[in-house]
Amino acid sequence: MPSARIIGTGSYAPAKVLTNADLEKLLDTSDEWIRTRTGISERRMTTEAEATSDLAYQAALRALAAAGLDPADLDIILVATVTPDMFFPSTACVLQDRLGARRAGAMDVSAACSGFVYGLAVADGLLRLGTLRNILLVGAETLTKIVNWRDRNTCVLFGDGAGAVVLRACEGERGILSTHLFADGAKGPQLMMPGGGSRHPITQRLVDEGLAAIQMSNGNEVFKTAVRAMEDAALTALKHNHLEIGDVDLLVPHQANLRIINAVGQRLGLSEDKVCVNIQKYGNTSAASIPLALDEAMQAGRVHEGDLLLLVAFGGGLTWASAVIRW
Ligand code: UT7
């Protein structure tokens with residue numbers, strides 16, 4: 001059975017920077033509160049003209065170049081996002097057209113901040129079938145388009161960006177060793193965008209009441225669940241592969257809050273130099289955060305052939321997930 005190996009990474013963030021100082025001018029918050037409670041100093045923000053597929057396209061081009069592939073080589077395109085360009089066609093189809101990847105099938109994956117790891121599981125499963133060769137997986141989000149700028153509990157947290165990987169079916173010991181996916185739909189209302197779908201179609205009243213925007217009912221509760229869930233997902237993955245935490249060369253966690261990342265790292269017993277952190281520059285970019293951090297680690301020369309990478313995600317759904325990769 002072939003395994004799925006990442007043969008190229010790429011990322012892209014829009015040029016516009018929104019600092020904590022900018023937010024201080026917009027609402028009752030402070031740079032000090034945001035930095036100490038979340039670790040975020042600034043985030044990137046799309047312009048009115050930029051959509052999720054525009055970010056996905058740039059990240060995809062970079063990942064394809066790193067992999068040495070043409071769009072025509074792709075069999076499948078997956079885009080993990082909760083901020084698609086539109087309901088349908090999927091952002092993956094928009095991207096397929098933009099890339100000119102005419103041979104590729106395309107679909108979106110919706111698992112909020114866990115979307116990239118969910119997408120890895122889908123790609124891994126498809127490549128293991130043995131009938132496909134190359135898959136492009138992109139995590140791309142424009143969360144600044146769906147935050148309520150009057151809600152300081154949420155709007156300071158999120159940012160825009162995209163990260164992409166090209167996966168290839170390969171023989172041998174390297175590649176994705178495992179993926180584990182989890183969900184607890186009963187806790188979905190803790191972190192949601194209630195309006196805009198078939199339950200509450202868009203109306204002026206809905207917009208006025210802030211229902212067509214991200215809502216988090218109890219950030220503190222979500223925080224505690226995230227720490228426990230990410231630790232559990234990591235331990236489940238290690239146990240499944242008969243590995244110890246000492247075997248891990250790099251942890252690439254979802255970037256929701258620096259305090260969550262630090263708590264997960266400490267509970268697992270990982271030293272800080274083995275944990276990827278870039279939340280200070282991007283905020284929480286949901287499905288884009290893991291591939292953005294992974295690409296940054298690649299560019300910084302932190303990932304070497306044979307390294308063991310542990311990816312852990314947590315987000316709306318609620319969903320959480322882990323993946324182990326032998327690079
Ligand atoms: O992406 C995956 C899912 N998302 C997450 O994992 C996010 C998880 N949650 C968190 O990261 C944290 O809970 C937050 C960063 C959202 C909040 O941090 P916290 O330490 O849990 O703060 P809190 O919600 O307990 O609020 C503390 C205080 C409150 O004031 P009072 O009631 O104590 O007077 C808030 O009103 O901080 C206040 N506050 C703010 N103050 C200044 C909340 N947001 C802000 C803000 N600026 N932006």
Side-chain angles (χ1 to χ4, degrees), residues 13-14 16-20 22-30 33-34 37-38 40 42-56 79-88 90-91 108-115 139-162 185 187-223 225-226 254-257 260 279 282-289 314-319:
K16 187 172 168 192
V17 175
L18 185 71
T19 65
N20 291 348
D22 295 329
L23 288 170
E24 281 178 346
K25 291 175 207 145
L26 282 179
L27 67 158
D28 180 18
T29 189
S30 68
W33 189 95
I34 301 171
R37 305 313 291 164
T38 72
I40 301 166
E42 59 187 43
R43 70 287 293 142
R44 299 298 183 88
M45 190 179 179
T46 38
T47 61
E48 224 171 280
E50 286 172 306
T52 295
S53 66
D54 298 318
L55 311 188
V79 176
T81 187
V82 287
T83 45
D85 285 22
M86 58 200 92
F87 269 136
F88 68 92
S90 67
T91 302
D108 286 358
V109 177
S110 176
C113 304
S114 308
E141 303 278 14
T142 49
L143 294 163
T144 65
K145 306 241 185 196
I146 61 160
V147 294
N148 176 355
W149 291 105
R150 296 187 303 266
D151 177 12
R152 69 175 185 173
N153 291 301
T154 52
C155 76
V156 304
L157 305 176
F158 298 101
D160 303 338
K187 291 186 177 155
Q190 290 184 3
L191 183 57
M192 69 194 304
M193 176 165 147
S198 61
R199 179 68 62 195
H200 301 293
I202 286 275
T203 58
Q204 189 56 50
R205 191 176 63 85
L206 194 96
V207 175
D208 293 344
E209 289 174 4
L211 296 177
I214 298 175
Q215 290 184 348
M216 186 157 55
S217 54
N218 185 346
N220 213 266
E221 199 48 45
V222 177
F223 184 109
T225 310
H254 170 51
Q255 313 278 311
N257 186 317
I260 294 178
I279 190 171
Y282 299 110
N284 181 347
T285 58
S286 186
S289 88
F314 175 85
L318 297 177
T319 54

**Student:** Is there side-chain contact between Cys155 and Asn148, with at least one heavy-atom pair below 4.5 Å?
**Tutor:**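 A side-chain contact under 4.5 Å is absent here.
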**Student:** Checking side-chain polar atoms at under 3.5 Å, does Thr142 have a donor or acceptor matched by the opposite partner on Thr52?
**Tutor:**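 On atom types as modelled, these side chains qualify, holding a pair under 3.5 Å.
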**Student:** Nearest 0.5 angstrom please: Asp54 CG to Thr46 OG1, how far?
**Tutor:**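 Atom-to-atom, Asp54:CG and Thr46:OG1 are 9.0 Å apart.
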**Student:** Passes side chain to side chain contact (heavy atoms under 4.5 Å, CB included), Leu191 versus Ile214? Steps please.
**Tutor:** CA-CA 7 Å; Leu191 183 57; Ile214 298 175; 4.3 Å; yes
**Student:** Is Gln190 close to Leu318 at the side-chain level, that is, under 4.5 Å between some pair of heavy atoms?
**Tutor:**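 Leu318 vs Gln190: side chains touch.
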**Student:** State, yes or no, whether a side-chain contact exists between Val222 and Met216 at a heavy-atom distance under 4.5 Å.
**Tutor:**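 Yes, their side chains come closer than 4.5 Å.
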**Student:** Give me the one residue out of His254, Gln255, Glu141 that meets side-chain hydrogen bond (donor to acceptor under 3.5 Å, both in side chains) with Ser286.
**Tutor:**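 Checked His254, Gln255, Glu141 against Ser286; only one passes side-chain hydrogen bond (donor to acceptor under 3.5 Å, both in side chains): Glu141.
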**Student:** Closest heavy-atom contact between Ala56 and Ala162?
**Tutor:**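 Looks like N-CB, 3.9 Å.
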**Student:** What is the distance from atom OG1 of Thr81 to atom CG of Leu143, rounded to the nearest 0.5 Å?
**Tutor:**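 Reported value, rounded in 0.5 Å steps: 7.5 Å.
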**Student:** Between Leu23 and Arg43, is any pair of side-chain heavy atoms under 4.5 Å apart?
**Tutor:**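 Yes. Closest side-chain heavy atoms under 4.5 Å.
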**Student:** Could you check whether any side-chain heavy atom of Phe314 comes within less than 4.5 Å of a side-chain heavy atom of Thr225, counting everything from C-beta outward?
**Tutor:**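 Yes. Closest side-chain heavy atoms under 4.5 Å.
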**Student:** Find out whether Arg44 and Val17 are in side-chain contact, i.e. whether some heavy atom of one side chain is under 4.5 Å from a heavy atom of the other.
**Tutor:**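 The answer is yes, as the side chains (C-beta and beyond) meet within the 4.5 Å cut-off.
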**Student:** Compare every heavy atom of Glu50 with every heavy atom of Pro14, then report the nearest pair and how far apart it is.
**Tutor:**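 That closest heavy-atom pairing would be CB-OE1, 3.8 Å.
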**Student:** Which atoms form the tightest heavy-atom contact between Ala212 and Ile202, and what is the distance?
**Tutor:**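 Nearest pair, atom of Ala212 first, then Ile202: CB-CD1, 3.9 Å.
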**Student:** Got a second to check how far Lys145's NZ is from Thr47's OG1, nearest 0.5 Å?
**Tutor:**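 Taking NZ in Lys145 and OG1 in Thr47, the distance rounds to 6.0 Å.
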**Student:** Strictly distance-based, threshold 3.5 Å: is any side-chain N or O of Thr29 a donor or acceptor partner for the main-chain N or O of Arg152?
**Tutor:**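 Pair absent, no side-chain N/O of Thr29 close to backbone of Arg152.
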**Student:** Of the non-hydrogen atoms in Gly315 and Cys113, which two are nearest, and what is the gap between them?
**Tutor:**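 For Gly315 and Cys113, the tightest heavy-atom pair comes out as CA-CB, 3.7 Å.
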**Student:** Checking the side chain of Thr91 only, and the main-chain atoms of Asp85 only, is there a donor and an acceptor separated by less than 3.5 Å?
**Tutor:**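 Looks like yes, one N/O pair under 3.5 Å.
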**Student:** Please report the interatomic distance CG(Asn220) to CG(Asn153), rounded to the nearest 0.5 Å.
**Tutor:**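 It is 11.0 Å, given to the nearest 0.5 Å.
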**Student:** Do Val82 and Met193 come within less than 4.5 Å of each other through their side chains, counting heavy atoms only?
**Tutor:**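 Val82 does not reach Met193 side chain to side chain.
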**Student:** Would you check if Val156 and Ile40 make a side-chain contact, meaning some heavy-atom pair closer than 4.5 Å?
**Tutor:**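 Not touching, per the 4.5 Å side-chain cut-off.
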**Student:** Output the distance between atom CD1 (Ile260) and atom CG (Asn284), rounded to the nearest 0.5 Å.
**Tutor:**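 Rounded to the nearest 0.5 Å, the CD1-CG separation comes out at 8.5 Å.
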**Student:** With rounding to the nearest 0.5 Å, note down the distance linking CH2 in Trp149 to OG1 in Thr144.
**Tutor:**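 With rounding to 0.5 Å, CH2 (Trp149) is 5.5 Å from OG1 (Thr144).
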**Student:** How close do Thr38 and Ile279 get, heavy atom to heavy atom, and via which atoms?
**Tutor:**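 Heavy atoms only, the tightest pair is O-CD1, 3.8 Å.
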**Student:** So, for Ala80 and Ala287, which heavy atoms are closest and what is the spacing to 0.1 Å?
**Tutor:**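 Minimum heavy-atom separation between Ala80 and Ala287: O-CB, 3.5 Å.
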